[in-house]
Protein chains: 2
Amino acid sequence: MGASKSAAFTLEQNELSILFKALGHPARIAIIQYILSAKSCICGDLVDVLPLSQATVSQHLKELKTANIIQGSIEGNSICYCLNPTTLEKFKAIIGDFIEVNNCGKNECC
Amino acid sequence: MGASKSAAFTLEQNELSILFKALGHPARIAIIQYILSAKSCICGDLVDVLPLSQATVSQHLKELKTANIIQGSIEGNSICYCLNPTTLEKFKAIIGDFIEVNNCGKNECC
DNA sequence: ATTGTATATTGCAATATTACGATATATTAA
DNA sequence: TTAATATATCGTAATATTGCAATATACAAT
């Protein structure tokens with residue numbers, strides 16, 4: 001007991017929760033915000049911006065990469081990160097469903 | 001060390017990550033999907049639907065309640081859950097920003 | 001009052017996450 | 001080659017999450 005019973009849930013439920021889980025930490029939200037706001041894709045200055053050590057930032061980046069939320073490419077000495085457009089499209093579609101379904105809800109209780 | 005350094009991040013970053021974190025488990029996604037699909041607001045049949053014990057389902061419901069994603073009202077003997085419209089609006093607004101900002105992204109690298 | 005049904009809480013074990021120092025790896029510059 | 005810079009990984013400690021049996025609480029019906 002203790003481990004998540006992910007095998008007992010659907011693929012969709014697992015995929016969705018992996019996406020959300022990856023966004024479930026303030027440092028990773030900060031990273032996404034930084035990437036969104038940076039004119040060009042950012043490199044290693046994340047470490048200067050975030051209140052975390054280099055090792056910890058690297059770990060958070062890895063988690064975002066594992067969830068396919070960001071992708072990195074080697075740019076000379078450093079690495080350049082940006083959002084993964086495929087995942088972003090998927091995310092938009094999912095959220096769109098969520099919002100739509102709810103629009104026709106009646107809130108019969110609560 | 002090990003505890004999340006949430007105090008080092010902005011209120012917005014924390015609020016957002018709390019929302020996402022609450023959705024970061026397949027059981028909680030399943031609960032949201034069930035509430036969305038149920039014609040009227042559901043009650044205790046979640047326990048029959050989910051592959052988890054009553055205690056565990058109750059715990060997941062509590063986490064969704066703590067994050068203000070769902071709300072429950074006593075309905076005689078049982079409890080009736082539905083989405084919290086305020087949080088849902090907030091969520092929609094945030095996601096809207098995310099999507100918009102990205103639409104004008106150029107993906108200069110990667 | 002007692003019994004049955006629905007939900008919540010407690011206590012605990014297993015596992016996962018978070019954070020960082022130290023170290024490894026990779027590229028650039030000299 | 002050597003030194004400097006950028007990023008990743010390892011090892012480890014602290015903390016958080018997950019799941020469930022057992023138990024508690026709350027309401028309904030008898």
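Below, chain A is the first sequence line, B the second, and so on; all start at residue 1. Keep in mind it's a predicted model, so treat the numbers as computed, not measured.
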Polar side chain donor-acceptor pair, B:Thr66 to B:Glu63, under 3.5 angstrom: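 Distance-only check fails for B:Thr66 and B:Glu63.
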
Under 3.5 Å, is there a donor on one side chain and an acceptor on the other for A:Thr56 and A:Gln59?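 No donor-acceptor contact under 3.5 Å links the two side chains.
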
Under-4.0 Å side-chain N/O to phosphate OP1/OP2 contact, [X] with [N]:
X       : N      : result
A:Lys62 : D:dT7  : no
A:Ser58 : D:dA8  : yes
A:Lys65 : D:dA8  : yes
B:Lys21 : C:dT17 : no
A:His25 : C:dA19 : yes
A:Ser53 : C:dA19 : no

Measure from [atom1] on [X] to [atom2] on [N] and round the result to the nearest Å.
X       : N      : atom1 : atom2 : answer
A:Gln59 : C:dA22 : CD    : P     : 17 Å
B:Leu23 : D:dT18 : CG    : P     : 12 Å
A:Arg28 : C:dT17 : CZ    : C1'   : 8 Å
B:His60 : D:dC20 : NE2   : C1'   : 11 Å
B:Leu50 : C:dA6  : CG    : P     : 16 Å
A:Lys5  : D:dC20 : NZ    : C1'   : 9 Å
A:Leu64 : C:dT17 : CG    : P     : 13 Å
A:Asp45 : D:dA6  : CG    : P     : 10 Å

More 5' along DNA chain D: A:Phe9 or A:Ala55, using each one's nearest nucleotide?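 The answer here is A:Ala55.
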
Could you check B:Pro51 against B:Gly76 and say which one's nearest nucleotide on DNA chain D is further toward the 5' end?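 Taking each residue's closest nucleotide, the earlier one in sequence belongs to B:Pro51.
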
Per [X] side chain, nearest of listed nucleotides [options]:
X       : options                : answer
A:Leu61 : D:dA22, D:dC27, D:dA8  : D:dA8
A:Leu52 : C:dG21, D:dA28, C:dA19 : C:dA19
B:Ile79 : C:dC20, D:dA8, C:dA8   : C:dA8
B:Asn77 : C:dA19, D:dA21, D:dA28 : D:dA28
B:Thr56 : C:dA22, C:dA19, D:dG19 : D:dG19

Side chain to side chain contact (heavy atoms under 4.5 Å, CB included) for B:Lys21 and A:His25? Distances and angles first, verdict last. CA-CA 7 Å; B:Lys21 190 175 191 177; A:His25 189 288; over 6 Å; no

Any donor and acceptor pair, going by atom type alone, linking the side chain of B:Ser78 with main-chain N or O of B:Gly44 inside 3.5 Å?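 Here the side-chain-to-backbone pair does not exist.
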
Please check: side-chain N/O of B:Arg28 versus main-chain N/O of B:Ala22, any donor-acceptor pairing under 3.5 Å?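 Yes; at least one donor-acceptor contact below 3.5 Å.
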
Would you mind classifying the nucleic acid contact of B:Glu63 as base, sugar-phosphate or nothing, using non-hydrogen atoms under 4.0 angstrom?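 It contacts sugar-phosphate atoms only.
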
Do A:Leu23 and A:Ile69 have side chains that get closer than 4.5 Å, going by heavy atoms?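 Side-chain contact under 4.5 Å: yes.
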
Can you work out whether A:Ile74 or A:Gly24 has the more 5'-proximal nearest nucleotide on DNA chain C?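 It is A:Gly24 whose nearest nucleotide is closer to the 5' end.
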
Looking only at N and O atoms, is any donor in the side chain of A:Gln54 or the base of D:dA6 less than 3.5 Å from an acceptor on the other one?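 In this structure, the two groups form no donor-acceptor pair.
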
